[in-house]
Colleague: 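Shown below is the structure under consideration.
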Protein chains: 2
Amino acid sequence: MDTSQLLKGVLDLAVLAVLRKDDGYGYDVVRRLRAGGLNDVGDASVYGTLRRLYNAGMLTSYVVPSEEGPHRKYYSINETGRARLAESRETWRSFASTLDGLLEEVAA
Amino acid sequence: MDTSQLLKGVLDLAVLAVLRKDDGYGYDVVRRLRAGGLNDVGDASVYGTLRRLYNAGMLTSYVVPSEEGPHRKYYSINETGRARLAESRETWRSFASTLDGLLEEVAA
DNA sequence: AACACTACTACGCATCGCACAGTACTGTCG
DNA sequence: CGACAGTACTGTGCGATGCGTAGTAGTGTT
């Protein structure tokens, strides 16, 4: 099956979600998402999403040179990002319940 | 906001769902989906999805010439389609609860 | 020296919903 | 009766986005 299509438009939400508590860098965000159950998420998708959110002004970023490996580009959610997160969450919930409704009718 | 991306990979499921009870033609399926809450679904999307599902062997079709308007191309779900519906529904439920989980963690 | 792991970037592809335009038929209203 | 709205379908092309793949670069392990 193709779970990748289901991520469309939702990966933004998921990334914002895992960043809400603590700042994170790309590789770390990937791990958090997978730990959260999104096992199939591609790393390139996450890096791309981070850049998109950053360009959209929802994240700030700062580089931390690591002494044990390559540098890490940390991303931090700002107010715009939080607003977007709240908004997207509502959109998601509404959409999910609508679809569940359609599926329920079928089962009945 | 952009609800259209959320439909990705789910419109198939929704279309199969509304066809499960009764056969339907394109224009009618659009109405059923909108009545079910998917207000923003585009008609071209539905027609395209119907054709895709048909080509994938999940629907059969027959034309009914209407005496009051253009002909209607009815689509009927078959066994393959039903199997796909059940499968996709499970995929959806699993995915949705995973994402809800990620959002819950955030709220906590 | 070879390999694995971490960490990021960049290119190009595939999917899929959608806007738009076009065809065609029916009924209604001025 | 002519213009318009509603019904019903088809086809073209676009845009957003997740992903595969490759490349770069640093560190540690065997």
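These numbers come from the heavy atoms of this one structure, side chains and all, not from hydrogens, waters or symmetry mates. Just so it is clear: chains get the letters A, B, ... in the order the sequence lines come, proteins before strands, and each one is counted from 1.
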Colleague: Using side-chain contact (heavy atoms from CB on, under 4.5 Å) as the criterion, list what pairs up with I77(B), not counting sequence neighbours.
Modeller: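 I77(B): side-chain contact (heavy atoms from CB on, under 4.5 Å) contacts with L16(B), L59(B), R82(B).
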Colleague: Taking DNA chain D as the partner, which of residues 5-12 of chain B come within under 4.0 angstrom of it by heavy atom?
Modeller: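 Going residue by residue through residues 5-12 of chain B, the ones with a heavy atom under 4.0 Å of DNA chain D turn out to be Q5(B), K8(B).
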Colleague: Passes side-chain contact (heavy atoms from CB on, under 4.5 Å), V10(B) versus W92(B)? Steps please.
Modeller: CA-CA 8 Å; V10(B) 172; W92(B) 160 255; 4.1 Å; yes
Colleague: With sequence neighbours left out, what residues match R72(B) under salt bridge (Lys or Arg N to Asp or Glu O under 4.0 Å)?
Modeller: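 R72(B) satisfies salt bridge (Lys or Arg N to Asp or Glu O under 4.0 Å) with no other residue.
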Colleague: Kindly determine whether L13(B) and L99(A) satisfy side-chain contact (heavy atoms from CB on, under 4.5 Å), including the steps that lead there.
Modeller: CA-CA 9 Å; L13(B) 175 56; L99(A) 192 61; 4.2 Å; yes
Colleague: Is Y75(A) linked to Y25(A) within one hydrophobic cluster, defined over Ile, Leu, Val, Met, Phe, Trp and Tyr using a side-chain heavy-atom separation of less than 4.5 Å?
Modeller: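 Result: no, two separate clusters.
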Colleague: With sequence neighbours left out, write down each residue that passes side-chain hydrogen bond (donor to acceptor under 3.5 Å, both in side chains) with S76(B), or none if nothing qualifies.
Modeller: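 S76(B): side-chain hydrogen bond (donor to acceptor under 3.5 Å, both in side chains) contacts with D23(B).
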Colleague: Using atom CZ of R51(A) as one end and atom P of dT17(D) as the other, report the distance to the nearest whole Å.
Modeller: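 Rounded to the whole Å, the gap is 14 Å.
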Colleague: Whole Å only: how far is the OH atom of Y27(B) from the C1' atom of dT10(D)?
Modeller: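 Taking OH of Y27(B) and C1' of dT10(D), I get 15 Å after rounding.
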Colleague: Got a sec? Which of residues 38-50 of chain B come in under 4.0 Å of DNA chain D, heavy atoms?
Modeller: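 Output list: A44(B), Y47(B).
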Colleague: Are V64(B) and Y27(B) grouped together when hydrophobic residues (ILVMFWY) are joined by side-chain heavy atoms under 4.5 angstrom apart?
Modeller: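 V64(B) clusters together with Y27(B).
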Colleague: How does protein contact run along nucleotides 25-30 of chain D, one letter per nucleotide 5' to 3', with B for base contact, S for sugar-phosphate only, - for none, heavy atoms under 4.0 Å?
Modeller: B-S---
Colleague: Output all residues satisfying side-chain hydrogen bond (donor to acceptor under 3.5 Å, both in side chains) with R34(B), sequence neighbours left out; order by chain, then residue number.
Modeller: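 With sequence neighbours excluded, R34(B) shows a side-chain hydrogen bond (donor to acceptor under 3.5 Å, both in side chains) to no residue whatsoever.
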Colleague: Which is it for L33(B) and L102(A) under the side-chain contact (heavy atoms from CB on, under 4.5 Å) test, yes or no, and what are the steps along the way?
Modeller: CA-CA 8 Å; L33(B) 291 174; L102(A) 276 172; 4.2 Å; yes
Colleague: Please, which pairs that meet ring-ring contact (aromatic ring centres under 6.0 Å, His included) have at least one residue in residues 42-66 of chain B, sequence neighbours excluded?
Modeller: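 Residue pairs with at least one partner in residues 42-66 of chain B: Y62(B)-Y74(B).
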Colleague: Using salt bridge (Lys or Arg N to Asp or Glu O under 4.0 Å) as the criterion, list what pairs up with R52(B), not counting sequence neighbours.
Modeller: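 Result, salt bridge (Lys or Arg N to Asp or Glu O under 4.0 Å) vs R52(B): D12(B).
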Colleague: What is the 5' to 3' range of DNA chain C, first to last nucleotide, that sits under 4.0 Å from any heavy atom of chain A?
Modeller: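 Terminal contacting nucleotides, 5' to 3': dT6(C) to dC16(C).
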Colleague: Please enumerate all residues that pass side-chain hydrogen bond (donor to acceptor under 3.5 Å, both in side chains) together with R51(A), with sequence neighbours excluded.
Modeller: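 R51(A) satisfies side-chain hydrogen bond (donor to acceptor under 3.5 Å, both in side chains) with no residue once adjacent residues are dropped.
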Colleague: Going by salt bridge (Lys or Arg N to Asp or Glu O under 4.0 Å), name the pairs with one or both residues in residues 35-49 of chain B, residues two or more places apart or in two chains.
Modeller: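 Matches after skipping sequence neighbours: none remain.
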